[in-house]
Amino acid sequence: MSIDAELMPGSPIGIMDSGAGGLSVLQQIKALLPHESLLYAADSAHLPYGDKTPAFVRQRVNTVAAALVELGAKALVVACNTATAAAVESLRERYAMPVVGMEPGVKPAVQGSRSGVVGILATAGMAGSSRMTELVQRFAGERQVIVRACPGLVEQVERQALDTPETTRLLQQYLAPVLEVGADTVVLGCTHYPFLRPLIERLSGPGVRVIDTGEAVARRLHHLLQQGGLLNSGAAEPQMRFYTTAATRPQAELFSRLLGSTVEVEPLSARVFNQSPEELSDESQATT
């Protein structure tokens, strides 16, 4: 049963991720929908989602989504591939509002590949998910699609280590098996990875196309808001507010670095902030 909320065109859009990666999606949404107010929630106290169980991630996503709805969100964007795979359908069942998730760009990658070999960089949780398997089976056809789990890359972005020897070493390790078999297209299957795009493009070389689906998510959100009569007219000045379940000062430094402008970050809510991974794990077991 879905939960009805009073949806108003002037209400903000809620965007969530396990950490700072979803800021890459926020940038695309802001560019396409400049009149919209945005709420961004990072569940950084439980980062990364990629090595957590689907039940744990689903519980976290539903908890963070509830906080965003309490803050007045008229739509929800799950700006995390792992969270989308684990929880987007439960959100759509729960809320009578637009809910948009992430989907790695397998289809455009396969359609645009000249060599017939496509690589996908993803978290372990997304790489091993049924959602990824379904996407590859649906769109690969005769093409070779290589899915690479990339542990450690999310943490490097969260450490602001966007172009360091360690990040370079990790990316070389993950890209090498893909490039060696002739991949000419690399799909970024995690919203943290666009912040590593300059390094990925440098290591891949000029003949390799890199695909990020953040823009496609923004277009889908625009369509759903327009369809539901929820686009903001632009009469009021749009606002952006940022929240975290971790300590706010380091998150403010990280968000400001990635966005290229100074922002303030607030604690999401007492309930979400104070729940420990052990408590949520217990809740997840109780709901599965």
Side-chain angles (χ1 to χ4, degrees), residues 14-27 29 38-68 73 76-88 90-91 99-104 121-129 131-132 149-162 188-196 212-214 217 242-248 250-255 257-259 265-269 271-281 283-284:
I15 305 167
M16 72 183 80
D17 183 26
S18 62
L23 294 173
S24 66
V25 181
L26 177 143
Q27 290 175 317
I29 293 172
L38 307 176
L39 306 173
Y40 184 85
D43 192 18
S44 304
H46 303 99
L47 179 87
Y49 281 170
D51 60 3
K52 306 295 192 303
T53 66
F56 179 87
V57 174
R58 185 165 54 252
Q59 179 63 40
R60 285 309 305 164
V61 171
N62 276 277
T63 302
V64 174
L68 287 171
L76 295 171
V77 178
V78 185
C80 171
N81 286 273
T82 303
T84 296
V88 75
S90 68
L91 291 182
V99 177
V100 181
M102 301 299 301
E103 183 172 287
L121 306 183
T123 65
M126 185 61 191
S129 69
R131 188 178 183 88
M132 179 65 80
C150 304
L153 290 184
V154 167
E155 291 86 343
Q156 291 300 97
V157 174
E158 293 285 329
R159 296 183 187 114
Q160 304 182 49
L162 305 184
L188 305 182
C190 171
T191 56
H192 281 76
Y193 299 172
F195 292 112
L196 300 173
D212 164 32
T213 54
V217 168
F242 300 87
Y243 300 87
T244 182
T245 57
T248 56
Q251 292 302 299
E253 293 174 358
L254 172 62
F255 289 12
R257 162 79 186 280
L258 295 178
L259 292 172
V265 179
E266 308 168 53
L268 184 56
S269 75
R271 178 174 183 270
V272 178
F273 186 88
N274 290 331
Q275 277 187 298
S276 69
E278 291 76 18
E279 290 172 324
L280 284 160
S281 180
E283 289 183 17
S284 298

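Keep in mind that the numbers below use all heavy atoms, side chains included, and drop hydrogens, waters and symmetry copies. Residue indices begin at 1 and follow the sequence shown. Note that this is a predicted model, so its numbers are computed, not measured.
Residue Asp51 holds its CG atom at 7.0 Å from CD of Glu155, rounded to the nearest 0.5 Å. Rounding to the nearest 0.5 Å gives a distance of 15.0 Å between CZ of Phe195 and CD of Gln156. Atom NZ of residue Lys52 and atom CZ of residue Arg58 lie 15.5 Å apart, to the nearest 0.5 angstrom. Taking CZ of Phe242 as the start and CG of Leu23 as the end, the distance is 6.5 Å to the nearest 0.5 Å. Here His192 contributes atom NE2 and Cys80 contributes atom SG; the two are 8.0 Å apart, rounded to the nearest 0.5 Å. Atom CG of Leu26 sits about 11.5 Å away from atom CG of Leu258, to the nearest 0.5 Å.
Annotation for Tyr49 and Thr82: closest pair O-CG2, 3.7 Å, computed over non-hydrogen atoms. In terms of heavy-atom proximity, Val64 sits nearest to Ala41 at CG1-CB, 3.7 Å. The minimum heavy-atom distance between Ala246 and Ala45, with the atom names listed, is CB-N, 3.8 Å. For the residue pair Cys190 and Val154, the shortest heavy atom distance occurs at SG-CG2, 3.7 Å. The two residues Thr245 and Ser44 come nearest to each other via the heavy atoms OG1-N, 3.2 Å. When every heavy atom of Val265 is checked against every heavy atom of Ala252, the shortest pair comes out as CG2-CA, 3.5 Å.
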request  = I would like to know whether Leu196 and Leu188 meet side-chain contact (heavy atoms from CB on, under 4.5 Å); could you show each step before the answer?
outcome  = CA-CA 10 Å; Leu196 300 173; Leu188 305 182; over 6 Å; no
request  = Under the side-chain contact (heavy atoms from CB on, under 4.5 Å) rule, what do Thr213 and Met102 come out as? Steps first, then yes or no, please.
outcome  = CA-CA 7 Å; Thr213 54; Met102 301 299 301; 3.6 Å; yes
ask   = Would Thr63 and His46 count as a side-chain contact (heavy atoms from CB on, under 4.5 Å) if you check the C-alpha gap in whole Å, the side-chain angles of each, and the deciding distance to 0.1 Å?
value = CA-CA 12 Å; Thr63 302; His46 303 99; over 6 Å; no
request  = List the steps, then state whether side-chain contact (heavy atoms from CB on, under 4.5 Å) holds for Leu162 with Val157.
outcome  = CA-CA 6 Å; Leu162 305 184; Val157 174; 4.2 Å; yes
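In terms of the salt bridge (charged side-chain N to carboxylate O under 4.0 Å, His left out) criterion, residue partners of Glu103 (sequence neighbours excluded) are, by chain and number, Arg131.
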Donor-acceptor contacts, no H, no angles, side chain residues 15-22, under 3.5 Å, sequence neighbours left out:
residue : atom : partner : partner atom : Å
Asp17   : OD2  : Gly21   : N            : 3.0
Asp17   : OD2  : Gly22   : N            : 2.8

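Between the side chain of Thr84 and the backbone N or O of Val78, at least one donor-acceptor pair lies under 3.5 Å.
For the 3.5 Å distance criterion, the side chains of Ser90 and Asn62 qualify, holding a donor opposite an acceptor.
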